[in-house]
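Following: one structure in structure tokens, then a few remarks.
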Amino acid sequence: MKSRITFTLAALMLLSACAGPSGNRYFFPGEIWPDNNHVHINAHGGGFLYDKGVYYWFGEHKTEGENGNLANVGVHCYSSRDLYNWTDEGIVLAVMPPSSGSDIEAGCILERPKVIKNGKTGKYVMWFHLEPKGKGYKGALSGVAISDNVTGPYTYIKAVRPNAGHYPVNVLDIHKGDSPALHLSFDGGSLPANADTLNILGRDMKSGQMARDMTLFVDDDGKAYHIYASEENSTLHIAELSDDYLSHTGKYGRFFVGRFMEAPAMFKREGKYYLMMSGCTGWRPNQARSAVSDNIFGEWKELGDPCIGDTTQTTFHSQSTYILPVQGKPDTYIYIGDRWNPQNAIDGRYVWLPITFEGDRFTIRWNDKWKIEE
Ligand code: GAL
């Protein structure tokens with residue numbers, strides 16, 4: 001009898017050890033995702049970093065209601081060894097008290113934080129889209145913060161409009177001309193798709209380029225790139241970061257001109273660079289885009305919507321934020337998107353789906369419940 005009890009206990013312990021601290025053994029796209037405290041993960045517009053055998057998930061901490069889309073708390077971090085079970089590591093970059101006058105004071109917009117590790121300095125560097133409090137989306141700034149530890153605390157350094165004083169590697173003559181200053185602005189919604197004739201780039205040459213939805217990508221040689229929706233969201237910029245990852249070098253290119261793409265996610269496979277992006281419809285989901293290139297500065301070739309069987313043409317009711325290579329499993333990548341809930345921001349869900357490859361192209365199919373091992 002005793003040995004049977006011991007056996008049952010041992011089996012139970014083994015089972016729960018396999019299931020990890022929150023008991024999750026599958027991905028359930030779009031469902032509530034409990035962390036180790038049985039609380040729905042709060043890390044939206046997320047970015048991922050694999051460091052010393054552990055995955056870290058950084059994202060926007062949202063609060064209840066519509067107001068919960070603003071940065072009322074800061075950037076939240078979780079850690080995991082298996083990708084199903086996530087441990088709450090707390091707020092790693094906290095917003096400053098309201099009326100403190102800080103760039104990152106509570107009530108600002110702080111979106112899509114991404115963290116990368118600098119192999120030379122050993123520092124963890126976080127970039128994010130920052131909009132000063134009370135100004136809607138007119139600021140179009142990129143903020144940067146740094147830490148000695150992956151789980152922070154991160155120290156805010158500055159916010160910039162990238163590449164002031166520099167033309168892109170693929171500048172056109174019209175950008176250098178004397179076209180009149182434009183008074184376009186973007187505060188949600190999209191603009192007419194004739195951006196190439198508008199010379200928004202030239203308008204912003206001296207003061208720096210607009211940068212909203214963004215991601216970071218570190219190449220095999222350790223060079224890091226900041227990829228952001230620029231020129232009133234009409235055009236994607238890919239910009240090289242300095243060796244310490246804390247500033248822009250002035251080398252950048254502009255791609256998908258006038259295509260109004262947001263939510264960029266980049267990965268590399270077999271020497272080719274891939275991008276996934278969304279259209280530009282605010283919190284409302286839209287049809288995904290994808291592209292491939294042999295070089296990070298182009299030429300980029302659009303590959304269309306990677307989602308197969310998505311009859312709603314809404315990226316399975318989500319918007320891309322990251323494509324995660326699974327460590328130790330060659331050719332295994334996960335699509336990670338947000339299913340926003342703008343009326344009750346804290347209830348935003350996560351859509352994780354497996355990526356498959358067909359020739360030069362990657363594809364994504366829906367799964368209600370799945371695991372990497374199957
Ligand atoms: C989305 C963008 C989000 C957020 C939202 C605001 O298009 O991807 O990060 O900025 O618009 O409406």
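In each ligand, atom 1 is the first atom listed, and ligand 1 is the first ligand listed.
Checked by distance only, ligand 1 and E111 come closer than 3.5 Å through their nitrogen or oxygen atoms. Here's the thing with A263: none of its N/O atoms is less than 3.5 angstrom from an N/O atom of ligand 1. Of the N or O atoms in D213, one or more lie within a sub-3.5 Å distance of an N or O in ligand 1.
Under 4.0 angstrom from ligand 1, the non-hydrogen atoms of Q319 all belong to its side chain. Heavy atoms of R112 found under 4.0 angstrom from ligand 1 belong exclusively to the side chain.
Residue K371 qualifies as enclosed at atom NZ: its count of foreign heavy atoms under 6.0 Å is above 12. No more than 12 heavy atoms of other residues, nucleotides or ligands lie within 6.0 Å of CD in E64, so this atom counts as exposed by the packing criterion. Residue E302 places its CD atom among more than 12 non-hydrogen atoms of other residues, nucleotides or ligands, all under 6.0 Å distant.
Residues F256 and M277 form a side-chain contact, since some pair of their non-hydrogen atoms from C-beta on lies under 4.5 Å apart. Inter-residue side-chain proximity for I372 and T332 is flagged as met; some heavy-atom pair is nearer than 4.5 Å.
Residue contact check: G282 has heavy atoms under 4.0 Å from atoms 1 (C), 7 (O), 11 (O), 12 (O) of ligand 1. Ligand 1 places these atoms under 4.0 Å from at least one heavy atom of Y137: 4 (C), 6 (C), 10 (O).
When every heavy atom of N24 is checked against every heavy atom of P34, the shortest pair comes out as ND2-O, 3.2 Å.
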